[in-house]
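Here the structure comes first, spelled out in structure tokens, and everything after it is commentary.
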Amino acid sequence: MADLVIANVRIVSPGHSVAPGSLLLSGGRIARIDSSTSPAIAPGAAVIDGRGALLTPGLIDLHTHGIGTHLYERGAEDLHAAAKLLPTFGTTCVLPTLYRVMTRSSLKLLEVMADALPTVRGVSMPGFHLEGPFLSLPGAGADTIPGDVELLKDVLSACRGRVLAMSISPDTPNIIPVIEHLCASGIVPFITHTHASVEQTEAAIAAGAAHATHFYNVFPIPEESEPGCRACGAVEAILADPRVTVDFICDGVHVPPVAIRAALAAKSYRGVVLITDSNIGAGLPPGEHATTWGFSVKVAAGDAARISTPGHPGYGLLAGSALTMDHGIRNLSRWLKLPLHELWAIGSANPARVVGLENKGAIRVGADADLVLWNDSLDVLKTWVAGEVVYERVGAA
């Protein structure tokens, strides 16, 4: 791979600055950052003139079940197909999220999928996010079984060590040993799908569960203990603890923007992460689209995917998120009064830090050259993964 200079861009360093400059990419990494927009070019290096556009780290999605017509847990073919589509939305790294295949009967499928991850091209898939099965509330059909460390070991073994996160509920029986085993294995426990009390949530946090996923969604409001006395539960315990980070489905449907602003007030921009929780329908044009679940979903601008099959008991109800990461960033730019470098941290540096992806989500020497060029409307012009162009908008060259 020839060295590449991306010249004449506004470089966004998440959490730090936005400044004019140029980058040298070499061997799939960022080799040099130059404050000049017209740097000296080494012989043999290719050059791209960014024409003053915004250059950022690629977006990182920690919680996503699928994109377009592709559902990750169907198997390796869907992983490969999704990887070709994701860069069009500025996404360069995802944790494919599985939620109905964490049983002993699914171990062979997990092995096949885990073996496929290193062969994926077009986007980075460093590991899985397992949503369950040790959850207390089913939500969108996720499994709800008591904590079982032996099952956990079998599932992790089938995943070939390629699990970066697992969602759990603090009120699931026998969950503390599960959390402790995850932490000892270098896997980040995510809190979700819970009706936990403050005490149960604090116990899970103390054991090592320091992130909450699709926060506010499947976090029911506790019943009043006394008339007129607002009860506290998992949401309040999470907001009150500075160690715990949170992520949101930023589509304006699953969570009101005011909830995101409340989390920012409690935790600053460093404690908040953008996710999509996307499923079949995400990124598709408005209209009705078939799924593998026996019903169709309707995708409409400004809405999430909804069940659209007449006669279905869930007709008109949410059928998952249709959000893409670029749309989420655009939403946050409208809802939040944040400097651009802090806004971008929510979609890149912060998720990388939550799951320990040290070389992603940053623009610095030695970081992975997973980059996106954006126009002023925050539309994707060009996407690089490991220094290679994986998407280019027509007419953007």
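Here the structure is a predicted model, which means the values were calculated and not measured.
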Would you check if there is a donor-acceptor pair between the side chains of [Y] and [X] at a distance under 3.5 Å?
{"X": "Thr64", "Y": "Ser278", "answer": "yes"}
{"X": "Glu131", "Y": "His65", "answer": "yes"}
{"X": "Ser38", "Y": "Ser36", "answer": "no"}
{"X": "Thr91", "Y": "Asp61", "answer": "no"}
{"X": "His211", "Y": "Asp247", "answer": "yes"}
{"X": "Ser296", "Y": "His289", "answer": "no"}
{"X": "Asp368", "Y": "Asn359", "answer": "no"}

Walk me through whether Arg121 and His80 qualify under side chain to side chain contact (heavy atoms under 4.5 Å, CB included).
CA-CA 7 Å; Arg121 297 293 178 267; His80 286 285; over 6 Å; no
I'd like to know if the side chain of [X] and the backbone of [Y] have a donor-acceptor N/O pair within less than 3.5 Å.
{"X": "Ser26", "Y": "Leu24", "result": "no"}
{"X": "Arg306", "Y": "Gly316", "result": "yes"}
{"X": "Arg330", "Y": "Leu378", "result": "yes"}
{"X": "Asp251", "Y": "Leu323", "result": "no"}

Verify the neighbour count for atom [atom1] of [X]: are there more than 12 heavy atoms of other residues, nucleotides or ligands below 6.0 Å?
{"X": "Lys84", "atom1": "NZ", "result": "no"}
{"X": "Arg334", "atom1": "CZ", "result": "yes"}
{"X": "Arg270", "atom1": "CZ", "result": "no"}
{"X": "Glu358", "atom1": "CD", "result": "no"}
{"X": "Ile41", "atom1": "CD1", "result": "yes"}
{"X": "Glu77", "atom1": "CD", "result": "no"}

May I ask whether [X] and [Y] are part of the same hydrophobic cluster, defined by side-chain heavy atoms of I, L, V, M, F, W, Y residues being less than 4.5 angstrom apart, directly or through others?
{"X": "Ile187", "Y": "Val149", "result": "yes"}
{"X": "Val9", "Y": "Val389", "result": "yes"}
{"X": "Val5", "Y": "Ile363", "result": "no"}
{"X": "Met102", "Y": "Leu135", "result": "no"}
{"X": "Met125", "Y": "Val390", "result": "no"}

Test side chain to side chain contact (heavy atoms under 4.5 Å, CB included) on Leu86 and Met325 and set out the steps.
CA-CA 9 Å; Leu86 287 162; Met325 288 292 281; over 6 Å; no
What I want to find out is whether Asp376 reaches Arg10 closely enough, with some N-O distance under 4.0 Å, to be called a salt bridge.
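Here Asp376 pairs with Arg10 in a salt bridge, since their nearest N and O are under 4.0 Å apart.
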Ionic contact status for Glu288 with Lys298, cut-off 4.0 Å
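No.
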Non-hydrogen atoms of [X] and [Y] that approach each other most closely:
{"X": "Gly147", "Y": "Phe134", "value": "CA-CD2, 3.7 Å"}
{"X": "Ala266", "Y": "Leu239", "value": "CB-O, 3.8 Å"}
{"X": "Ser22", "Y": "Ile11", "value": "N-CD1, 3.7 Å"}
{"X": "Asp326", "Y": "Thr324", "value": "OD1-OG1, 2.6 Å"}

Just one of Leu318, Ile249, Asp277 clears the side-chain contact (heavy atoms from CB on, under 4.5 Å) bar with Asn217, so which one?
Ile249
Let me know which of Val380, Thr383, Val12 forms a side-chain contact (heavy atoms from CB on, under 4.5 Å) with Trp374.
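Of the listed residues Val380, Thr383, Val12, the side-chain contact (heavy atoms from CB on, under 4.5 Å) partner of Trp374 is Val380.
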Is the His193 ring parallel, tilted or perpendicular to the His214 ring (thresholds 30°, 60°)?
tilted
If the plane angle is over 60° it's perpendicular, under 30° parallel, otherwise tilted; pick one for Phe295 and His312.
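The arrangement is perpendicular - the two ring planes meet at more than 60°.
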Is there a side chain to side chain contact (heavy atoms under 4.5 Å, CB included) between Leu98 and Met113? Walk through the geometry before answering.
CA-CA 11 Å; Leu98 316 178; Met113 295 180 66; 3.7 Å; yes
Is it true that His16 and His341 have ring centroids separated by less than 6.0 Å?
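Not under 6.0 Å, so no.
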Run His181 and Leu152 through side chain to side chain contact (heavy atoms under 4.5 Å, CB included) and show every step you take.
CA-CA 9 Å; His181 186 84; Leu152 174 62; 3.6 Å; yes
Under the side-chain hydrogen bond (donor to acceptor under 3.5 Å, both in side chains) rule, what do Thr97 and His63 come out as? Steps first, then yes or no, please.
CA-CA 6 Å; Thr97 303; His63 193 149; 4.8 Å; no
